[in-house]
Amino acid sequence: MALRSTASVWGPVVQAFHWGMLLLLLTTIPIGYYMADLPLGPPKLKIYALHKSIGITLLALAAVRLLWRLGERRPAPSPMPGWQRVAAQTTHVLLYVLLFVVPLSGWLYNSAAGFPLQWFRLFNLPALTAANPALKVVAKQVHETGVAVLIALVVAHAVAALKHHFIDRDATLRSMLPLLRSRP
Amino acid sequence: MMGRRRCSGVTVAAAVATLWAAASAVAAPRFDVVPSQSSVTFVGSQQGEKFTGTIRSYDARIRFAADDLAGSSLDVTLQLASIDTNSPDRDQGIATADWFNVAEFPTATFRTVAIRSSPVGPVGEADLTIKGHVKHIPFPFTWKSGSAGATLDARVTLDRLDFGLGAGDWADDSVVAHKVEVVVHLTLVAAATAPAAKQRPKAANVP
Ligand code: HEM
Ligand code: HEM
């Protein structure tokens with residue numbers, strides 16, 4: 001029960017998913033942009049494997065996070081204009097959607113390209129489709145656009161959180177921060 | 001005296017055997033490949049995942065008779081640009097200098113220098129040449145004769161590093177496994193045209 005969210009703060013499970021996945025995204029997004037231009041060779045394949053392993057981890061976490069979240073209550077939002085509340089909630093929904101679309105499109109692209117998919121050298125995941133050059137192009141496009149939209153939304157989302165904290169001086173950011181939980 | 005005579009007797013016998021072998025080499029029946037029912041593939045492993053490469057274009061000269069192994073031979077030239085690993089990206093990678101270096105070594109060749117019999121079937125002693133590296137390999141195969149022709153099946157495991165395939169950085173076994181299994185299935189029909197056994201002397205007789 002201590003794991004659950006309360007009327008004023010997000011529970012530790014929601015917070016762990018929230019900040020843990022942020023860390024993984026901050027790792028794998030730069031890798032994603034960096035890796036494509038490397039010359040073909042084992043270092044490139046290994047760094048792709050790392051990108052994909054973290055990406056698959058994020059996909060699994062997104063699924064568990066969503067399931068957990070569906071059983072959670074939402075802390076009462078700080079007072080704010082109605083449009084802001086709608087915008088915030090729409091952003092959260094879209095972020096969830098992208099947390100699935102981005103890794104799934106990566107997996108699809110990988111499958112359509114006929115690349116192997118090994119999770120941290122431990123086990124291999126099946127291809128979602130047979131090699132398919134046309135689908136490969138589409139999936140890559142979705143992956144790249146999805147990531148760009150994800151980044152834009154996260155930036156807007158984070159800026160909004162900071163605006164609530166530093167300008168509105170409300171409890172929005174604190175509701176997601178572990179250390180400041182006990183503060184009134 | 002005795003020794004010398006015996007020795008020359010052996011020499012003559014050997015010479016006769018060689019001649020007979022040479023003569024029968026011409027006599028062993030020739031077969032043509034039915035490409036639509038044949039495949040020359042290899043199974044490699046990349047980052048824990050098996051993949052199959054199909055060599056789509058090759059030229060096989062096959063002579064075989066179970067009772068005339070000395071006159072039998074397998075001689076195959078493989079077009080390496082025709083490798084299809086079900087991933088255009090990987091196919092491109094495979095053609096580069098680190099791997100098959102197809103620009104410089106467009107073909108690989110496989111030639112038996114002898115075929116011997118073994119309890120489990122015929123075994124070719126073959127020279128396999130890839131990327132300028134020649135390796136002598138045993139090539140056990142199954143030969144099944146049918147009414148219209150025959151089938152030849154073989155599986156041989158090779159070490160890609162023996163042929164300089166993916167040396168240097170690529171030698172890492174966890175990225176691309178060293179062991180590669182070559183799987184050959186040939187459906188053969190008796191050569192349709194006049195057998196070479198008749199053609200050759202004729203050609204030789206032409207002044
Ligand atoms: C949430 C998870 C993921 C994020 C945030 C992410 C992010 C990225 C980014 C930023 C890029 C570079 C895009 C560009 O160049 O415009 C990229 C490329 C790529 N991603 Fe992901 N990715 C994720 C998951 C995955 C997964 C699960 C796979 C495969 C199973 C994957 C496979 C790839 C591949 C193969 C590329 C290279 C595209 C190319 O060759 O240019 N990604 N990813
Ligand atoms: C610097 C980065 C980030 C900051 C400062 C931040 C801040 C916050 C804050 C303060 C909340 C609580 C909002 C409320 O109670 O209405 C929140 C919730 C949320 N954030 Fe973030 N966030 C960041 C990154 C991310 C990222 C990368 C994602 C996902 C891709 C994300 C997804 C969510 C979601 C879905 C919620 C709703 C609660 C939940 O279901 O987990 N956030 N964030």
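This structure is a prediction, so every number in the text was calculated from the model and none was measured.
Proximity to chain A (any heavy atom under 4.5 Å) is shown, for B:Asp169, by both the backbone and the side chain. Contact of A:Leu125 with chain B is made through the backbone alone, with heavy-atom distances under 4.5 Å. With a 4.5 angstrom heavy-atom cutoff, A:Lys136 touches chain B only via side-chain atoms.
Other residues, nucleotides and ligands contribute at most 12 non-hydrogen atoms within 6.0 Å of the NZ atom of B:Lys144. Annotation for A:Arg69: atom CZ counts as buried by contact number, over 12 foreign heavy atoms lying within 6.0 Å.
The candidate with the highest count of non-hydrogen atom pairs below 4.5 Å against chain A, out of B:Thr96, B:Asp89, B:Thr85, B:Asp172, is B:Asp89.
Taking the ring centroids of B:Phe64 and B:Trp143, they lie under the 6.0 Å cut-off.
Residues A:Thr172 and A:Asp170 have side chains that bring a donor and an acceptor to within less than 3.5 angstrom of each other. Using modelled atom types and a 3.5 Å distance limit, the side chains of A:Glu72 and A:Trp68 yield a donor-acceptor pair.
Of residues 103-120 of chain A, those residues with a non-hydrogen atom less than 4.5 Å from any non-hydrogen atom of chain B are, in numerical order, A:Ala113, A:Gly114, A:Phe115, A:Pro116, A:Leu117, A:Gln118.
A:Ser5 places a side-chain N or O within donor-acceptor distance of the main-chain N or O of A:Gly11, the cut-off being under 3.5 Å.
Each of A:Leu162, A:Thr91, A:Leu94 was checked for a side-chain contact (heavy atoms from CB on, under 4.5 Å) with A:His157, and the lone residue meeting it is A:Thr91.
Ring-plane geometry between B:Trp99 and B:Trp170 is classed as perpendicular, the angle between the planes exceeding 60 degrees on a 0 to 90 degree scale with a lower cut at 30.
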